[in-house]
There are 2 protein chains.
Amino acid sequence: MRRNSKSTAETVERGHFNDYLGRHNLRRTQERIRILQEVFSTHDHFDVETLLFRLRRKKHLVSRATIYRTLKHLLDSKLVRQVDLGRNRAFYEHALGRENHEHLVCVACGKVVEFSTVTIQKLQNFVCEEFNFRPVRHSYQILGTCESCQSSS
Amino acid sequence: MRRNSKSTAETVERGHFNDYLGRHNLRRTQERIRILQEVFSTHDHFDVETLLFRLRRKKHLVSRATIYRTLKHLLDSKLVRQVDLGRNRAFYEHALGRENHEHLVCVACGKVVEFSTVTIQKLQNFVCEEFNFRPVRHSYQILGTCESCQSSS
DNA sequence: TTGCTATTGCGTCTCATTCTCAATATGAGC
DNA sequence: GCTCATATTGAGAATGAGACGCAATAGCAA
């Protein structure tokens, strides 16, 4: 059971992405497969540069443009979600089975802590009902300084 | 009473900014005064381009660079707050006496609705306590489609 | 009025992201 | 397995927000 949990997850992701590619008449290229693998090989939040660096380290030469293009497809297929960490560039995280969590970001060291909350979801429903909005997505981050950065200043 | 509320508000803003300039050994220039006036002449959310356009329309020729520089001072003096409206550039709003509100943004027409909530504040305190973070600021927006954009699609 | 220096405007620079386009790779049909 | 239409890639140019350097200008204290 345990032994196969990782490969099972990989299969699920691979399957989702293949479905998506099929439905949209997109091809299963080396580049897309490698980017997918790399994205799902860790659970960190990542940006384009990090992903590029990780791929290059493995001698998987994929251009920056292709990473940007593939990330769009991963977002569109809901396999990946974009997160705002208060920096001036986009960060990403896995999306599958990881609903309803928000981010606490240390402005000093960049550490990211995830926290779950149902309150946010209830609040969103309440507000949208009041103003007759149909919600698409929300973005909530708390920026501050983490414990260790507080003491070292 | 009523009659003077607007000019009183203006005086308060002008006063705050003058204090700020004084405290930081900064000069009261034409450009800074005009930008301050323009910023406080409406209650809309605005970006740098809009501000530039509005100033040019009034023949108040101020460079883009000066607007960026002055906005930094307005942020620093807490007269203006930066808001994330899910676009790829910064938007701003008045800050004085307008604490604790969040934004609901229509992804179709760009309309912005403000809503107040104390829940967010409580939630923030709770989460920060749990993870030993010292909060600096938070950012919360709900993106969706407004009533009229829902019907016209 | 003078003179020190903060400030401005212009143009340039950076950085993230998108676009263009020629060369290449995929995969459906044979 | 081979062919061919076309989706995709990589390299580099383009874009757009914002920051920066510098010479010219303007505040303001004396």
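Nothing here was measured: the structure is a model prediction, and the numbers come from that model. We name chains A, B, ... by the order of the sequence lines, and we start the count at 1 in each one.
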*Asks:* Go through it in stages, so that I can follow the logic: the residues are Gln141(B) and Ser139(B), the test is side chain to side chain donor-acceptor pair (under 3.5 Å), and I'd like the CA-CA distance, side-chain angles, deciding distance and then a yes or no.
*Replies:* CA-CA 7 Å; Gln141(B) 316 81 232; Ser139(B) 170; 2.6 Å; yes
*Asks:* Among dG10(D), dG27(D), dA7(D), which nucleotide has an atom closest to any side-chain atom of Asn25(A)?
*Replies:*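 Among the listed nucleotides, the one closest to the side chain of Asn25(A) is dA7(D).
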*Asks:* In terms of side-chain heavy atoms of Arg32(A), which of dT9(D), dT8(C), dT26(C) is nearest?
*Replies:*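 Selected nucleotide: dT9(D).
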*Asks:* Rounded to the nearest angstrom, tell me the gap between atom NE2 in His73(B) and atom C1' in dA6(C).
*Replies:*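 The distance from NE2 of His73(B) to C1' of dA6(C) comes to 10 Å, rounded to the nearest Å.
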*Asks:* Of the candidate nucleotides dC19(C), dG18(D), dT8(D), which contains the atom at the shortest distance from the side chain of Tyr68(B)?
*Replies:*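 Looking only at heavy atoms from C-beta outward on Tyr68(B), the closest nucleotide is dG18(D).
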*Asks:* How many whole angstroms separate atom CZ of Arg64(B) from atom P of dA17(D)?
*Replies:*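 Distance check: Arg64(B) CZ to dA17(D) P gives 8 Å.
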*Asks:* Quick one: which of dA19(D), dT26(C), dT18(C) gets closest to the side chain of Lys72(A)?
*Replies:*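 The listed nucleotide nearest to Lys72(A)'s side chain is dT18(C).
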*Asks:* Mind calculating the distance between CG (Leu52(A)) and C1' (dC15(C)) to the nearest angstrom?
*Replies:*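 One finds 15 Å between C1' of dC15(C) and CG of Leu52(A), rounded.
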*Asks:* Rounded to whole Å, how long is the line connecting atom CZ of Arg28(A) with atom C1' of dA25(C)?
*Replies:*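 In whole Å, dA25(C) C1' and Arg28(A) CZ are 14 Å from each other.
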*Asks:* Remember a base hit wins even if backbone is also touched, and classify Glu49(A) as base, sugar-phosphate or nothing at under 4.0 Å, heavy atoms.
*Replies:*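 Nothing, no nucleic acid heavy atom in range.
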*Asks:* Would you mind telling me which of dG18(D), dG27(D), dT7(C) lies closest to the side-chain atoms of Ala90(B)?
*Replies:*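 Looking only at heavy atoms from C-beta outward on Ala90(B), the closest nucleotide is dG18(D).
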*Asks:* I need the minimum non-hydrogen distance between Phe133(B) and Gly144(A), along with the two atoms involved.
*Replies:*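 So the minimum-distance heavy-atom pair works out to CD2-C, 4.1 Å.
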*Asks:* Could you give the CD1-to-P distance, from Ile35(B) to dT7(C), as a whole number of Å?
*Replies:*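 From Ile35(B) CD1 to dT7(C) P: 12 Å.
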*Asks:* Tell me whether the OP1 or OP2 atom of dT9(D) has a side-chain N or O from Thr29(A) closer than 4.0 Å.
*Replies:*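 For dT9(D), OP1 or OP2 has a side-chain N or O of Thr29(A) closer than 4.0 Å.
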*Asks:* For Ile33(A) and dG27(C), what is the distance between atoms CD1 and P respectively, to the nearest whole Å?
*Replies:*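 Atom-to-atom, Ile33(A) to dG27(C), this comes out as 8 Å.
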*Asks:* With heavy-atom distances below 4.5 Å as the criterion, would you say the side chains of Lys58(B) and Gln37(B) are in contact?
*Replies:*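 With C-beta onward as the side chain, the pair stays apart.
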*Asks:* Consider the side chain of Arg89(A), meaning its heavy atoms from C-beta on, and name the nucleotide among dG18(D), dT7(C), dA16(C) that approaches it most closely.
*Replies:*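 Within the option list, the nearest is dA16(C).
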*Asks:* Leu21(A) CG to dT6(D) C1': how many Å, rounded?
*Replies:*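 It works out to 16 Å between those atoms.
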*Asks:* Counting heavy atoms from C-beta on, name the nucleotide in dA11(D), dG9(C), dA6(C) closest to the side chain of Arg69(B).
*Replies:*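 Nearest to the side chain of Arg69(B) among the choices is dG9(C).
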*Asks:* Quick one: is dG9(C) close enough that its OP1 or OP2 comes under 4.0 Å of any side-chain N or O from Thr66(B)?
*Replies:*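 For dG9(C), OP1/OP2 do have a side-chain N/O of Thr66(B) under 4.0 Å.
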*Asks:* Of the options dA5(D), dG9(C), dT17(C), whose atoms approach the side-chain atoms of Arg27(A) most closely?
*Replies:*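 Nearest nucleotide to the side chain: dA5(D).
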*Asks:* Side-chain contact, heavy-atom cut-off 4.5 Å: Leu26(A) with Arg32(A)?
*Replies:*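 When only atoms from C-beta onward are counted, Arg32(A) and Leu26(A) do touch, with a gap below 4.5 Å.
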*Asks:* Measure the distance from OH on Tyr20(A) to C1' on dA7(D) and round it to the nearest whole Å.
*Replies:*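 Rounded to whole Å, this separation is 14 Å.
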*Asks:* For the residue pair His103(A) and His45(A), does the interplanar ring angle fall in the parallel (under 30°), tilted (30 to 60°) or perpendicular (over 60°) class?
*Replies:*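 It falls in the perpendicular class, over 60°.
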